[in-house]
Enquirer: 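Here it is, the structure in full.
Lettering of chains follows the sequences in order, A, B, ..., and the numbering in each one begins at 1.
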2 protein chains.
Amino acid sequence: MNKDAVNIYDIARMSGVSIATVSRVMNGSEKVSEKTRKKVMDVIGKVGYTPNVFAQGLGLNTMHTVGILVPTIADQYMSSAVAYLETELIKHGYDCILGNSGFDLEGKQKKTEMLLSKHIDSLILVGSTYAGDGSDTNATEYIRAAAKRVPVFIINGNVNGENIYASVCEDEKAVYEAATSMLRRGRKNIVFLTDSHSYSANKKKNGYERAMKSVGKAAKEAKDGIIYVENHIHRVRDQLLAMENLKCDGIIASNDMIAIGAVKYALAKGMDIPEDIEIIGYNNSTLAISCAPEVTSIDNHTEEICKDTVDRIMKILDGGEEKLSHKISVPCTLIARETTM
Amino acid sequence: MNKDAVNIYDIARMSGVSIATVSRVMNGSEKVSEKTRKKVMDVIGKVGYTPNVFAQGLGLNTMHTVGILVPTIADQYMSSAVAYLETELIKHGYDCILGNSGFDLEGKQKKTEMLLSKHIDSLILVGSTYAGDGSDTNATEYIRAAAKRVPVFIINGNVNGENIYASVCEDEKAVYEAATSMLRRGRKNIVFLTDSHSYSANKKKNGYERAMKSVGKAAKEAKDGIIYVENHIHRVRDQLLAMENLKCDGIIASNDMIAIGAVKYALAKGMDIPEDIEIIGYNNSTLAISCAPEVTSIDNHTEEICKDTVDRIMKILDGGEEKLSHKISVPCTLIARETTM
DNA sequence: TTCTTACATGTAAGCGCATACATTTTGATT
DNA sequence: AATCAAAATGTATGCGCTTACATGTAAGAA
């Protein structure tokens with residue numbers, strides 16, 4: 001099927017040199033006279049030679065490729081993260097190969113294996129679902145196994161281990177502060193909505209609980225303020241509507257989708273936003289401004305985290321034996337809009 | 001870096017057979033006795049052998065991989081399409097490698113080259129920006145060049161050529177019908193909002209113009225109803241607000257993002273939706289239901305198109321010499337919500 | 001001029017696999 | 001037991017490239 005017949009031997013013959021020389025000019029080796037380099041480049045320019053990556057890979061065992069694993073690319077947060085990562089990796093001459101793992105462990109393991117089998121130079125896991133609940137269960141064993149082969153980077157996740165590096169958002173703090181500011185504005189009944197038990201979701205929950213306790217709520221009461229929902233606008237709305245004794249004047253959601261479900265709930269209840277109820281989302285995605293009223297949201301600086309992650313990958317891949325810290329934190333920023341006072 | 005030292009020779013030695021036999025059991029060849037197959041499989045199970053894809057690829061010149069090119073993965077439509085494609089390709093044993101081309105020609109060419117250099121078995125271009133305006137300009141020359149190497153499939157685009165296959169939505173018809181239904185409901189001034197000159201955008205414009213002409217509007221008047229905007233909620237809103245003599249009671253947008261911009265405009269103007277103004281979006285994405293009021297949108301059956309595309313790819317890749325039609329059309333469906341009566 | 005060096009280029013080995021072809025084994029048939 | 005076809009297995013080659021090492025060459029030193 002593939003007909004790029006022209007190989008290094010063709011170029012060598014056509015330019016009257018050996019394949020070693022061709023290889024040298026292709027790889028920018030400095031041990032080539034300017035004259036022959038030009039000669040070879042001319043031929044290449046004429047016939048359009050591209051090295052066969054398989055052959056290169058076979059020898060070098062690398063393809064200048066990094067694998068990116070996401071639970072699902074059909075998600076605002078994931079797809080924008082992938083876009084940032086890709087942009088950045090390209091700058092450094094690396095291509096990326098994408099894996100959609102789904103949320104179940106088997107899918108994650110399988111896709112990790114798939115990516116590794118492509119001889120990626122590094123693996124990036126996007127999203128905290130890859131970090132389990134932060135404890136070292138066997139649910140993250142496959143990550144540690146992968147790290148035996150290539151450096152593994154986790155965006156907003158936290159898995160300990162040799163050769164594993166994490167970039168995390170300061171979610172706990174962000175939610176704590178968001179909740180605290182609501183409390184300061186006199187809100188009495190704040191609930192926290194989430195669809196997940198992931199590492200990141202847990203941090204957010206902790207932030208919420210800490211804020212609640214800080215104003216004297218009992219531990220149980222704080223915990224009861226956490227409501228688990230599905231990650232779907234209408235189902236969030238319906239679930240809240242179905243809760244007859246739900247009485248709240250403040251909602252913090254673990255993502256914007258859920259926050260919008262909350263907005264729909266408030267609207268259906270005939271409440272005024274933000275007078276009767278304040279709502280804060282998370283991720284500061286396009287969804288947040290697509291809603292009316294536009295949703296106040298916590299920005300977790302995805303672009304910055306992605307750039308930073310790629311920088312760190314390059315530090316390792318470029319052979320730098322310089323020790324990298326295994327975990328860096330990036331603060332979040334609250335973007336105030338119409339759903340808060 | 002990569003330490004998967006165990007290769008086919010190791011397995012052969014450990015199981016007391018030749019590498020040819022190991023290769024045969026790996027590839028499920030039937031010319032292996034049950035006894036030796038089991039013997040080899042046992043060893044493999046024990047030491048965990050995975051064939052080196054480079055070596056495989058070098059010989060076979062294929063890696064069971066298809067390339068997917070999108071202008072940007074950070075877009076609802078693109079990312080969901082990629083998700084569908086990936087899911088479907090996996091089922092057939094193909095992995096996918098993603099390229100983010102950006103919207104400029106150079107990026108498209110470069111990324112196409114990158115994907116081809118990875119020895120993909122087929123190339124999928126997602127989105128009509130790859131089809132230019134439908135005319136055969138040199139802006140699509142690189143696609144025809146790629147098609148000389150592998151079969152190229154375009155999702156919602158239209159480029160003619162050997163080895164190029166397209167799946168298109170019936171956008172013209174969908175917009176025509178949407179506009180016509182608005183007209184039937186007595187709307188007098190309908191405008192069409194778009195951010196693009198792509199093949200798909202042009203079809204939509206044509207549908208709009210045809211509908212306008214069908215109720216006696218002059219060609220010029222129909223054309224003047226087309227307003228070019230940026231693909232950004234707030235900028236759409238602001239641009240419309242800035243048009244002092246804009247007087248319309250119906251808006252059709254070429255995607256949901258723009259439609260929501262229109263909603264924001266109407267809201268800012270204090271209009272009642274849908275009484276004073278009807279708005280229809282396109283793609284039926286999550287954005288459409290995240291807005292309040294929820295936006296009526298045209299669903300272009302992305303999932304169906306993607307599945308269908310993969311089916312056709314497989315027909316070709318599985319060596320079927322069966323002739324495929326170079327273009328198939330899929331109808332769209334209007335999903336009525338709160339922005340239409 | 002002759003020897004030395006540094007630099008430029010060429011030669012050949014191997015990376016791990018699939019597979020055409022060669023060889024051996026099996027088992028059925030006589 | 002002898003024969004032969006079919007089935008199972010092995011041998012050896014090539015896929016296109018990088019690179020250590022070998023060889024060649026030109027410039028400078030003696």
Enquirer: Would you say a side-chain N or O of B/Thr21 is under 4.0 Å from OP1 or OP2 of D/dG10?
Expert: yes
Enquirer: Sequence neighbours left out, what passes side-chain contact (heavy atoms from CB on, under 4.5 Å) with B/Ser23? Give chain and number order.
Expert: B/Ile8, B/Asn27
Enquirer: Which part of the nucleic acid does B/Val32 contact within heavy-atom distance under 4.0 Å: base, sugar-phosphate only, or nothing?
Expert: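 Touches sugar-phosphate only.
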Enquirer: How would you label the contact of A/Tyr9 with the nucleic acid (heavy atoms, under 4.0 Å): base, sugar-phosphate, or nothing?
Expert: base
Enquirer: Which of residues 37-48 of chain B have a heavy atom under 4.0 Å from DNA chain C?
Expert: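 The answer is none.
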Enquirer: Provide, to the nearest angstrom, the distance between the NE2 atom belonging to A/His119 and the C1' atom belonging to C/dG16.
Expert: 9 Å
Enquirer: Could you tell me whether the phosphate oxygens of D/dT9, OP1 or OP2, come under 4.0 Å of any side-chain nitrogen or oxygen in B/Thr36?
Expert: yes
Enquirer: Students often get this wrong, so: under 4.0 angstrom with heavy atoms, is B/Val22 touching a base, only sugar-phosphate, or nothing?
Expert: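 Result for B/Val22 = nothing.
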Enquirer: Assuming nearest nucleotide by heavy-atom distance, tell me which of B/Leu58 and B/Ile19 is located more 5' along DNA chain D.
Expert: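 So the residue in question is B/Ile19.
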Enquirer: Less than 4.0 angstrom between a side-chain N/O of A/Asn52 and OP1 or OP2 of D/dC15, yes or no?
Expert: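 Looking at the OP1 and OP2 atoms of D/dC15, neither is under 4.0 Å from any side-chain N or O of A/Asn52.
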Enquirer: Can you pull out every ring pair (Phe, Tyr, Trp, His ring centres under 6.0 Å) where at least one residue sits in residues 56-95 of chain B? Sequence neighbours excluded, please.
Expert: B/His64-B/Tyr94
Enquirer: According to the ring pair (Phe, Tyr, Trp, His ring centres under 6.0 Å) rule, which pairs have a member within residues 31-55 of chain B, sequence neighbours left out?
Expert: A/His119-B/Phe54
Enquirer: Are OP1 or OP2 of D/dT19 and a side-chain N or O of A/Ser23 less than 4.0 angstrom apart?
Expert: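 It does not, given that no N or O in the side chain of A/Ser23 lies less than 4.0 Å from OP1 or OP2 of D/dT19.
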Enquirer: Please name all residues satisfying salt bridge (Lys or Arg N to Asp or Glu O under 4.0 Å) with B/Glu162, sequence neighbours left out, ordered by chain then number.
Expert: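 Partners of B/Glu162 under the salt bridge (Lys or Arg N to Asp or Glu O under 4.0 Å) test: none.
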Enquirer: What is the distance, rounded to the nearest whole Å, between atom CD of A/Glu34 and atom P of C/dT9?
Expert: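 That distance rounds to 10 Å.
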Enquirer: B/Lys38: what forms a salt bridge (Lys or Arg N to Asp or Glu O under 4.0 Å) with it, not counting sequence neighbours?
Expert: B/Asp42
Enquirer: Name the closest nucleotide to the A/Asn7 side chain, picking from C/dG16, D/dT11, D/dC17.
Expert: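 Nearest nucleotide to the side chain: D/dC17.
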